[in-house]
Amino acid sequence: MHGRPRKAPKPEDEAASAAKAKKLRSLQSQFFSFHHNKIYTKEAVELSAKLLEINPESYTAWNYRKLAVEHHLSQPESNPDSVKSILDDELRVVESALRQNFKSYGAWHHRKWILSKGHSLIDHELRLLDKFQKADSRNFHAWNYRRFVAELMNRSEQDELKYTEHMIYTNFSNYSAWHNRSVLLSNLLEEKAEGFLSKEKVLPEEYEFIHQAIFTDPDDQSGWFYHLWLLDQTVKDDSPLLVSSWPAHGSDLFLLEDRCHNGSAFSPFTTLHSDSGSFPVVLYFNQSVEGVSSSTVTVESGFNKNEDLVWKPLSASNSQTAQVWVAHLKFPTSEFHSSVEVSVGHSKGIISSKGSQHSYPSTFSFKVCVQPVERDFSEASVAENISWREEDFKVYGRQTQESIPIVSFDELSIKNDHEPTASSWRAEAIAKEIECFRELLSLMDCKIGKLTLARLLMAYDVMAFSCANKLVHSEEVLELYNDLMKLDTSHYQYYKDEHSLVFLQQVTSSRESLLKHCFQYKDSVSSSICNPICLRLNNLSLSQMGAFEKLLWVQMLDLSQNELRSIEGLEAMQLLSCLSLRNNKLRSLTALEPLRKLKSLRVLDISYNEIGEHSIDTTRYLCSSPLSHSVGSEWNKDETVISGVALINYWEAFFIFKELSLKQLDIVGNAIADEKFKSILVKVLPKLKRLDGELLD
C-alpha cells in the first residue's frame, strides 16, 4: 500500500519467495516453448493457467490464451457446447487470477475480451463485482468493468447513478464512486435525459449531496474533488465563446508605415507600426477551438477580401486546436480610412476540443487609419539601445482620457441567445456555496476549504460582475492564497501560481488599476518601438503569467525581477515588439517557445535567468504533453550546420530564434551564454544589431 514503510523479510519469507521464483521460472520456460511453437493442447493451456495463478500480470500468458481460444473456436468440430465450455474455462481462470490480484490490468482486460465474444451471464458478473467492490469499494478496475457490463446489459444510467449514491452512503471516501457519478451525470446532461434537462435543476441538488460528505469528514479529499468538478460544471459554458479581440470593439487603429517623431500625435494605445504592410486580427476564445477559417469568420473591410485571409492557431503545440487565433489584414500604402467588421461563428464549424459547437455568433468592429510618414531619424538610431532602467521610464499621465482597449465580454457586441436566468442561477448557486464554506471555515481551519472558498469567490466575481469588469473579492482571495502558502508548504508553488493569476486579473480589471502599471518610455526615437508606453509588471513576485485576454494591445512589456518559470500563453500578445524577462527563473531555451509566434518582437532581454544550469528542464512539460511541443519537430537534417558552425548542441536555440527578427538581445548572466553560444546567435539572427549591450559590426 502507498505510504507504508518496507519491512525487512523474515528468513522463512525469503525461502518461500525463492521457492516461488524457482517454480515460476520452470513454468515460464515450458510456457514460452509452447507459445513459440504455437502449441494449444489441453496440457499447454492448463500450464498457462498455472502461470497466471502465480503471476496474474503476465501479459504474454493472457495473449497466449486469447490465441488458444481463437484456435479452438476455429476448429471444424467446434459446436455451441464446446464454445461455452472454452469460454467458461477462461472466465474461471480470470476469476482465479483476480483472487490473487484484483487490480490486475491483464485479467480485467481478458474478462472484457471474453464477454465481447457474446458469452456472458450478466447476473453472475454483477455478483462477482459486488464481491470485489465489498473487498475494495474504490477499486477503479472494478468500476471500469462495471461500466462495461452495464452497457452490455443496457442498464440505464439513472439506475447506475442510484448505485453510486448507495456506494457513497456506504463510504463517503469512495473516490471511484464519486468519479463514476460525474461520468454518469455528464452523459445524462449531454443526452438531456428525463429529469436531467438542464444543469440549473440538477447541480443545486448535487451541491446539497456533496455537502453531507464534506461536512462529515472535511479532511477526506474524495468529496472535495467532486465539488471541484461541480464548480467547473457551474462556471464553464459548454459552448465556446469569443471573450476578447484585437483590435478591440469600437477602437480607432492608427497604422504607421514607419517609426517617427510624428507618432506622438496619435494615441499610444492604438497606434501600430507595421513594416510588413499588414496588421494582425486576434480572436481570443474562452477555451480551445478548431475550425476558425474564412468560412466561419467573416471580415468586411474596404481593403481586403475575406477569402484571402488565412487564420492560424496560436499554440506552442502542433495542434490545429487553440484558444487564440490570428489572421493578418493587408492595408494600402497610401493614406486611407476604413471601417472593419468581424463576424465570428455565424456559420457553423467552430468546435471546442470537447466537441461543443460555437453557438453564440459574435460581431465586433473598429476603424483603421493608414498614415504614411517620412523617415526622420538617422541610421545611427536604428541600433539605438533600448534600456530597461528605472530612470528611462516615467509614470504615464493618470488623468489622461486616452481609451485603453481593456476588452470585456459585453464590449464585443456579442449577439447570443443567453437567457437572463442562465447566468443568474449560476451566480446564485455560487453565492450559496460561498456562504456554506464561510460557515465551515468559521468552525475549523481547513486548508482545502480555504482553497475552495478562493475558487468560489473568483468564480462569483466573474459571473456577477462581468459587465462591470470588477473583482470585488480579489483582496480576500489573495489573502487566502497567502495563508495557504504558509499553512501548506508542500503545495507552495501551486498557491503561488494561483496568487499570481488572481493578482493579474486584479491589475487588468479596470482602466484605473491598469494605468498604475503603464509607464512612458524616455522621449526618444527608436526603430524598435512604435509608441513609448510600457506595461511594467516587474518586481511583483509573479510566478505565472495570465490575463492575456486583457493584454492583447501591449507592445512593450517589462516582466523583469519576477519568478517566472514559464511564459506559456504569451504567444497571444501578437503586438509585442519589446519584452524584458530579466531576472526570472527560466530554466531552458525551450521555456521561450511561445516567442516563436511573436513575429513583431524586436527587443528581448532574457539576462540573468537559469538557462543552461539544468541539463533537463522538467518544468517544460508541466502544462502539456512533450509530444505536442513543436520545438525540434520540424528538424531538417540539412540544417545541422550554419555558416560552418555545428548546431547539434544548440538546436533549441536555433529553433527558438531562427524565425525571429530580433535587433537587440540580452542573454548575459545565463550559464549558456559563453562566447561560442553568442557566435551561434549572431549567425542565427542576421538582423541582430546589439548583443548584451554591445553594438555588432
Side-chain angles (χ1 to χ4, degrees), residues 137-140 143-144 146-147 150 157-158 160-193 195-240 286-288 352-356 422-423 425-437 440 446-460 462-463 477 484 491 494-495 498 501 623:
S137 62
R138 296 184 292 184
N139 184 349
F140 71 88
W143 281 97
N144 185 38
R146 183 179 184 89
R147 286 192 287 272
E157 291 182 318
Q158 287 93 328
E160 284 298 289
L161 194 67
K162 289 177 183 177
Y163 179 76
T164 65
E165 188 172 334
H166 165 71
M167 294 298 289
I168 288 167
Y169 275 126
T170 303
N171 179 10
F172 278 139
S173 186
N174 193 334
Y175 176 82
S176 295
W178 288 113
H179 170 71
N180 202 46
R181 190 172 184 84
S182 69
V183 172
L184 292 166
L185 273 177
S186 296
N187 293 340
L188 289 167
L189 287 167
E190 185 177 349
E191 296 163 3
K192 296 190 180 298
F196 299 88
L197 295 177
S198 70
K199 291 181 178 180
E200 182 179 357
K201 300 293 184 183
V202 175
L203 296 189
E205 294 177 0
E206 289 299 305
Y207 277 118
E208 292 298 324
F209 183 43
I210 192 60
H211 288 168
Q212 299 177 53
I214 290 175
F215 277 77
T216 300
D217 186 3
D219 292 326
D220 184 77
Q221 294 185 13
S222 301
W224 290 105
F225 278 112
Y226 187 71
H227 188 275
L228 179 59
W229 176 81
L230 283 178
L231 177 59
D232 188 62
Q233 296 301 303
T234 305
V235 173
K236 289 186 177 179
D237 283 288
D238 294 329
S239 176
N286 66 340
Q287 55 187 289
S288 293
S352 73
S353 55
K354 294 182 179 179
S356 298
S423 57
W425 79 263
R426 296 170 190 265
E428 289 171 8
I430 298 300
K432 288 180 181 178
E433 291 304 294
I434 290 172
E435 183 181 348
C436 179
F437 286 103
L440 176 66
C446 175
K447 292 180 292 187
I448 197 166
K450 287 190 174 188
L451 176 59
T452 301
L453 180 59
R455 290 167 171 165
L456 287 167
L457 291 170
M458 286 303 295
Y460 183 77
V462 170
M463 286 185 173
V477 174
L484 286 166
H491 298 100
Y494 173 79
Y495 301 135
E498 292 299 305
L501 293 175
C623 299

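The chain is numbered in sequence order, starting from 1.
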Next on the checklist: Go through it in stages, so that I can follow the logic: the residues are Met463 and Val235, the test is side-chain contact (heavy atoms from CB on, under 4.5 Å), and I'd like the CA-CA distance, side-chain angles, deciding distance and then a yes or no.
Outcome noted: CA-CA 8 Å; Met463 286 185 173; Val235 173; 3.9 Å; yes
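Using cut-offs of 30° and 60° on the angle between ring planes, the pair His227 and Trp224 is perpendicular. Classified by interplanar angle (parallel below 30°, tilted 30° to 60°, perpendicular above 60°), the ring pair His211/Phe437 is perpendicular.
Around CD of Gln158, the count of heavy atoms belonging to other residues, nucleotides or ligands within 6.0 Å exceeds 12. Sparse packing is recorded around CD of Gln221, with 12 or fewer heavy atoms of other residues, nucleotides or ligands lying under 6.0 Å away.
Proximity of the aromatic rings of Trp229 and Tyr226 is defined here by a centroid distance below 6.0 angstrom, and this criterion is met. Remark: aromatic rings of Tyr169 and Phe209 are close, center separation under 6.0 Å.
In this structure, Arg146 pairs ionically with Glu160, as a charged nitrogen and a carboxylate oxygen lie closer than 4.0 Å.
Side-chain atoms of Arg138 do not come within 3.5 Å of backbone N or O of Ser176 as any donor-acceptor pair. For the pair Asn171 (side chain) and Ser173 (backbone), a donor-acceptor distance under 3.5 Å is present. Not one N or O on the side chain of Trp178 forms a donor-acceptor pair closer than 3.5 Å with the backbone of Thr164.
The two residues Val202 and Gly195 make their nearest non-hydrogen contact at CG2-O, 3.8 Å.
Within the model, atoms CG of Leu230 and CD of Glu433 stand 8.0 Å from one another, a figure rounded to the nearest 0.5 Å.
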